[in-house]
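Right, one structure below, let's go through it.
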Amino acid sequence: MKSFPIKILIFVLPLYLIFSIATIFIQPSGDDWAILTKPNWNLGIGPIYRPFEVLFSIVALKYPSTFPYLNHLVILLCHLLNTYLLYHLIRKFNVDEKTALISSMFFLFAPSVMGAVTSVDGTNQTISTFFSLLGFFGYYKHKGLLKYLGWLAFTMMAAMHKEIGITWFIGTPLLAYIIDYPNRKVFFTSSSFKSLLFNATIGLIFVGIYFVIRINTSISGMISTNDVYPKYTIGLGKNLFVNLGLLLSSCATAIDTVAYFGYPKRYYLTILTVILSIPFAVLTAIRVYDKTIKEKQWNQIVLFIVFSIIVISPHLVMGRCGELHAYSLALPYSVLLAVIFNNKKSTKITTVILIIFGISIIIVDSHKWYGTYKNGYYGLKIANEIKEQTRGIPKRVKVITIIYRDSHIPYSSFYHDEKWAYNPYLMRLHYSQYFEKLDHLPLNAHTLHLKDKIDSVISDAAEKKYEFVWIIDKSNAKVIKL
């Protein structure tokens, strides 16, 4: 494989290094502490089965000081490697070098990948994508036994890191067929199409093997994910279209959703980024029309859209996907952009539109990075305050979180919930397993007679032999020993 041009590396690598140094200090947030440090979690709760991710949990438990920094390092490295492999994948479509480079750089810094790249929970997605791409190149570059060993072994590793990896058992043969499609005059009767069906059948067999392994190694008797996170409930209704719309809009635009949905609200940033994103969206729509209607290359593009839907299908059937899941679509979307803009003569208008869109990307990326950082800092601050006020190892704790309408936990790429604010405390003191009872009670700050309600909860906790009550009020914590 030919390397990136030196001039691109000189510009991109220092920029990515700066971004990486800033990202590596982002603290975990939400349920990251509770989930990523519990190996059993990834071995069979509902649709979740990620045995290779267990390795990170084991390291985090044995060497707490490595968490979350090791996770961040792996995520950032894998994302860079995925960008490198993406560039060479794009070149397989006979895309010119300049367009391939721009599309790869878009993937490297796209707002749609920030959810996975800045979150400590992004290890499974970035590693799974890395092995999926390795499996594809093993399939495409080699012949005979080596072809199948590379494809099937790497794809199985991808699936063991995250369930979505199984889609590449079917996606890889189809993608290889799509790349070579322009050279075929006959579609359904060609020998290569018959080869596609043969290899797709082998892929389906290995999907079956994956589920056999999964059924026989999953931990039994664990609570269903539907009872833990309704968003994991599998559905085939309107959620398919809602999730597709969320993923596609995240990849196709650079709109500051943090400013709109997060706190404090900054609607002017949302409006600004919508305006900055419109020209590129219009330009993309024009190129799709030109490529499919005028240049009559709709066959390859339609097939590629089918491939894209296949590799993101597990996220489509979720109850509700989040920004973290957009990573799986960002890669094929970047390829699609390269294909539709290939051999398009650059004009001043095109250059201006790309610059405008780039400005919007910088705004959104910066805001998402800051929101993720602030969210982690919130939990860390609460944890440190609780730690300073607590002596010994508590076993029975009642946690009261006072909810303010104007003071919410900051942006999270997955979701946020006030009840997870104390999890850093459990991990940092490294004795979460000692808790016999850890209950959470949210109270609305505008509830009538709030103080009386808190006193009642404290009194009830004392009667039930709790040792402590933690009161989390906005970004402060108070510990009451009973």
Side-chain angles (χ1 to χ4, degrees), residues 79 82-113 116 125 129 132-133 136-137 140 164 167-168 170-182 241 243-255 277-313 315-316 321 325-346 350 353-354 357-358 360-361:
H79 183 53
N82 290 340
T83 303
Y84 175 82
L85 293 174
L86 170 65
Y87 168 78
H88 290 284
L89 171 59
I90 292 173
R91 293 286 283 163
K92 297 297 181 186
F93 283 85
N94 294 319
V95 173
D96 64 271
E97 185 178 62
K98 180 180 178 182
T99 303
L101 286 170
I102 293 174
S103 298
S104 300
M105 293 306 100
F106 170 75
F107 174 74
L108 185 64
F109 295 109
S112 55
V113 306
Q125 184 66 66
T129 301
S132 297
L133 288 171
F136 165 77
F137 282 105
Y140 193 80
I164 198 170
T167 60
W168 285 76
I170 308 300
T172 289
L174 178 58
L175 180 58
Y177 181 82
I178 294 170
I179 290 174
D180 294 334
Y181 178 76
F241 303 98
N243 288 336
L244 180 60
L246 289 172
L247 295 177
L248 186 58
S249 61
S250 179
C251 292
T253 64
I255 297 176
S277 293
I278 289 175
F280 184 75
V282 172
L283 180 63
T284 302
I286 292 173
R287 283 304 300 154
V288 170
Y289 175 81
D290 290 343
K291 208 75 173 179
T292 57
I293 306 301
K294 290 185 177 181
E295 301 175 23
K296 301 184 184 301
Q297 296 185 23
W298 60 271
N299 290 336
Q300 187 184 41
I301 291 177
V302 169
L303 282 175
F304 190 80
I305 291 174
V306 171
F307 160 78
S308 301
I309 292 175
I310 289 174
V311 297
I312 66 169
S313 54
H315 291 158
L316 297 182
C321 66
H325 304 107
Y327 194 94
S328 59
L329 181 59
L331 188 140
Y333 185 78
S334 299
V335 176
L336 186 61
L337 284 179
V339 171
I340 65 175
F341 280 97
N342 187 34
N343 296 323
K344 177 67 175 177
K345 291 184 178 180
S346 180
T350 303
I353 289 175
L354 290 177
F357 191 57
S360 189
I361 289 175

Please walk me through it: do Phe107 and Ile90 pass side chain to side chain contact (heavy atoms under 4.5 Å, CB included)? CA-CA 12 Å; Phe107 174 74; Ile90 292 173; over 6 Å; no
Validation row: Leu331, Leu89 side chains within 4.5 angstrom (heavy atoms): yes
Rounded to the nearest 0.5 Å, what's the gap from CG on Leu101 to CG on Leu108? Could you check? 12.0 Å
Would you confirm whether Thr253, through its side chain, and Ser250, through its main-chain N or O, come within 3.5 Å as a donor-acceptor pair? no
How many angstroms lie between CZ in Phe106 and CZ in Phe341, if you round to the nearest 0.5 Å? 10.5 Å
Spell out, as yes or no, whether a donor-acceptor pair under 3.5 Å connects the side chain of Asn342 to the backbone of Asn94. yes
Can you check side chain to side chain contact (heavy atoms under 4.5 Å, CB included) on Tyr87 and Met105, steps first, answer last? CA-CA 9 Å; Tyr87 168 78; Met105 293 306 100; over 6 Å; no
From CG (Asp180) to CG (Leu175), nearest 0.5 Å: 10.0 Å
State the CG-CD1 distance between Leu303 and Ile179, to the nearest 0.5 angstrom. 12.0 Å
If I compare all heavy atoms of Leu337 with all of Ser103, which pair ends up nearest, and what's the gap? C-OG, 4.2 Å
Go through the steps to decide whether Leu133 and Thr129 satisfy the test side chain to side chain contact (heavy atoms under 4.5 Å, CB included), and finish with yes or no. CA-CA 6 Å; Leu133 288 171; Thr129 301; 4.2 Å; yes
Among Asn82, Leu85, Val335, Thr83, find the residue that satisfies the side chain to side chain contact (heavy atoms under 4.5 Å, CB included) test when tested with Ser104. Thr83
When rounded to the nearest 0.5 angstrom, what is the spacing between NE2 in His88 and OH in Tyr140? 14.0 Å
Rounded to the nearest 0.5 angstrom, the CD1-CZ distance for Ile278 and Phe357 is 12.0 Å
Using the test side chain to side chain donor-acceptor pair (under 3.5 Å), find all partners of Thr292 that sit at least two apart in sequence or belong to another chain. none
Under the side chain to side chain contact (heavy atoms under 4.5 Å, CB included) test, residues paired with Leu336 that sit two or more places apart: Ile301, Phe304, Ile340
Apply the test side chain to side chain contact (heavy atoms under 4.5 Å, CB included) to residues Phe93 and Ile178: give CA-CA distance (whole Å), side-chain angles for both, the deciding distance (0.1 Å), then the verdict. CA-CA 9 Å; Phe93 283 85; Ile178 294 170; 4.0 Å; yes
Closest non-hydrogen atoms of Ile353 and Pro279, given as atom of the first, atom of the second and distance, are CG2-C, 3.8 Å
Heavy-atom donor-acceptor pair, Ser360 side chain to Ala254 backbone, under 3.5 Å: yes
Parallel, tilted or perpendicular for Phe307 and Trp168, by the 30°/60° rule? perpendicular
Does Ser313 reach the main-chain N or O of Ile310 with its side chain, forming a donor-acceptor pair under 3.5 Å? yes
Side chain to side chain contact (heavy atoms under 4.5 Å, CB included) with Ser328: which residues, sequence neighbours excluded? Gln125, Ile164, Ile312, His315
Is any side-chain heavy atom of Ser112 closer than 4.5 Å to one of Tyr327? no
Report yes if some heavy atom in the side chain of Ile293 is under 4.5 Å from a heavy atom in the side chain of Trp298; otherwise report no. no
